[in-house]
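Reviewing the structure listed below.
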Amino acid sequence: MQSSLVVLVMSLLVFIGVNIVGNPVDMLINPEADQEEIDRVISDLGLDRPVHEQYGYFVFNALKGDLGKSFIYGEPALKLIVQHIPATLELAVAALLMAIVFGIPLGVYAGLKPDSKTAKTIMATSILGFSLPTFWVGIMMIMVFAVQLGVLPSTGRGDTVDVLGVPMSFLTLDGLSHLFLPALNLSLFKISLVIRLSRAGTREIVHMDYIKFARAKGLRQGRIVMVHLMKNIMIPVVTVLGLEFGGLVAFSTVTETVFAWPGMGKLIIDSIHNLDRPVVVAYLMIVVLLFVTINLVVDVLYSVLDPRVRLQDQKS
Amino acid sequence: MSDGVPTLSVRDLRTHFLTKAGAVKAVDGVSFDVAKGRILGLVGESGSGKSVTGFSIIGLVDPPGRVVGGEIRYNGANLLDLDDEAMRDLRGNRVAMIFQDPMMTLNPVLRIDTQMVETVLAHHEVDKATALARARDALGRVGIPSPEERLHAYPHQFSGGMRQRVAIAIALLNEPDLIIADEPTTALDVTIQGQILFEAQKLCRETGTAMIWITHDLAVVAGLADEICVMYAGRIVEKGTVDEVLDRPIHPYTHGLIGSVPSHNSRGRRLTQIPGMTPSLLNLPPGCAFRERCPRADEACLAEPEIAEAAAGREVRCFHPHLEAGA
């Protein structure tokens, strides 16, 4: 219920927003066209009608799964976006995996040995990860790895393999090497975030009585950390990562632009430039849906991780 | 009482917390024995070092705390000489511990069977089914109804009393020789407390497990323990059998402690209390630590009293014990 309301309000905001930013006709039309030509294009695109009518038309069609046609490409906006989703999804998943694989072990270590030199180095580095702007780090990565060292490629997806008709980079060595830099760039902030979260969680949990009791039971340190500690710190980590995953997919625009990664982020930037309203609107609608879905998945994951959380407590 | 080597023999145990402000002598020269099947009550106020004594035995003193001296002989062998792995294998296996707050001792996100089975598997090479069977038996022994089903429950599905029973069942899993119980009934209702005490006593009688029962509640040890050690400021000030110590306390501190328990006889009168508060362990004044609160203190107490036999089977750390009260 709540979710559909969110979607509806969002659609309204987006629609009004794109109507304010500029007139796409100025971009689309040959400057030398005469008034008659201009009027024809305007009425073709349905822009001669009042905004509320356009919105009603949009909602009506959207309910049928039609989010309009791109002004530029003449193709359905939804189709355009769906074509670009796999690339972005691949990048986002890779970044998420990096955040988990690097972030959690480093964070737990820093939490277990807070006074060690290694822990202090980890924490100091994570501040850099937070504060350096993504685009700058991306450019620096290209400078160092692609230009100076020449070990990793800087643009595109490389060789792809079709999986169920969808091109994927991660299955070829060349694709992986293309994926690595943008994924690392995108995940740098998330790694820092996960480090901080796991460290804070670890610091809190290790002082709990049940950890001491686990030691009094004679359990090995490995089991205490991997089971007793890990399962407890995973709850905040999963929450944040869930929400951040939406962000990774939706706002990978900067990274995709820097590395010329042909994903949704690049599409949206191009569409905004061209005032291609239907694509912008469709993109934002999909992002909203994505966030709503991810929230749902996170709630379900909660109940798996924490038995005290019951599914019926969460109707949203 | 004395059939050879006692299960646990602590000699001159000293556990200090090395803080920036100086060494806090939480436990400073504690000695006692616990024989097979006997229950020792370790009594004292908060901060008297009784819990730290318990954690020192099991090797789980939190930093910056450290055992700096003494001996902890378990069946004759000094535990302080053991390496980490040997100590780990001893914990939860030969020496088990029960904690104060049952709401906090079980991991909230793991099922009871997980938490029990891992305790067996950490010490014995048995298959999971055997470990589960043991877990079920242990739950049954501490009086948990339908243990088979309860094994699959999570801690939050138990009440406080039931959780403490589960914790005790975990302590029993590997049939330890010694159980250290750190105020396990403090957080429970009186009726539940009675049941737990009954179970504990029955257990020691039946299995010959020795037990150290740490508490601040004199009423608890009165019905439970065989011997009592009264601790004050990190030291034992009085030692003896339960009846002797509670009926005829000879250390002024024990005297005050018992005097401040409300009873029928004191109805309508003001309760006696021990003046002042427990001294800071960081800067203990020289001499007797109880000196400044003691009604009997004089110049002699500026020197430090040693623990000594004051009467038959009675040890006390005082220059002016209440001997006249004894028969």
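We name chains A, B, ... by the order of the sequence lines, and we start the count at 1 in each one.
Side-chain N/O atoms of A/Arg196 and A/Ser126 include a donor and acceptor closer than 3.5 Å. Checking A/Ser252 against A/Thr88 by side-chain atom types alone, no donor-acceptor pair falls below 3.5 Å. B/Glu118 and A/His228 share a side-chain donor-acceptor pair at under 3.5 Å.
Only the side chain of B/Ile58 comes within contact range of chain A, with at least one heavy atom under 4.5 Å from a heavy atom of that chain. When heavy atoms are compared at a cutoff of 4.5 Å, B/Ala171 does not approach chain A at all. Looking at B/Asp89, neither its backbone nor its side chain comes within 4.5 Å of chain A, counting heavy atoms on both sides.
Annotation: ring pair (Phe, Tyr, Trp, His ring centres under 6.0 Å) contacts of A/Phe180 (sequence neighbours excluded): none. The side chain to side chain donor-acceptor pair (under 3.5 Å) check on A/Arg215 picks up nothing, with sequence neighbours excluded.
Contact check for B/Thr53 versus B/Val10: no side-chain heavy atoms found under the 4.5 Å cut-off.
If you tally non-hydrogen atom pairs under 4.5 Å between each of B/Asn174, B/Ile98, B/Asn107 and chain A, the highest count goes to B/Asn107. Contact count against chain A (heavy-atom pairs under 4.5 Å) is highest for B/Arg88 among B/Arg88, B/His123, B/Met87.
Using a cut-off of 4.0 Å between Lys/Arg side-chain N and Asp/Glu carboxylate O, B/Glu183 and B/Lys50 are scored as salt-bridged. Between B/Arg165 and B/Glu199 a salt bridge is recorded (basic side-chain N to carboxylate O distance below 4.0 Å). A salt bridge links B/Asp62 to A/Lys212: one of the charged nitrogens lies within less than 4.0 Å of a carboxylate oxygen.
Taken from CD1 in B/Ile39 to OG1 in B/Thr209, the straight-line distance is 9.5 Å, to the nearest 0.5 Å.
Using a 4.5 Å cut-off between non-hydrogen atoms, the part of residues 75-85 of chain B that approaches chain A consists of B/Glu85. Residues of residues 197-209 of chain A lying under 4.5 angstrom from chain B, judged on non-hydrogen atoms, are A/Met208, A/Asp209 by number.
By the neighbour-count criterion of 12 heavy atoms within 6.0 Å, atom CZ of B/Arg141 is densely surrounded, having more than that number from other residues, nucleotides or ligands.
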Checklist entry - Step by step, would you call A/Phe245 with A/Phe291 a ring-ring contact (aromatic ring centres under 6.0 Å, His included)? => result CA-CA 9 Å; A/Phe245 181 68; A/Phe291 270 86; 9.7 Å; no
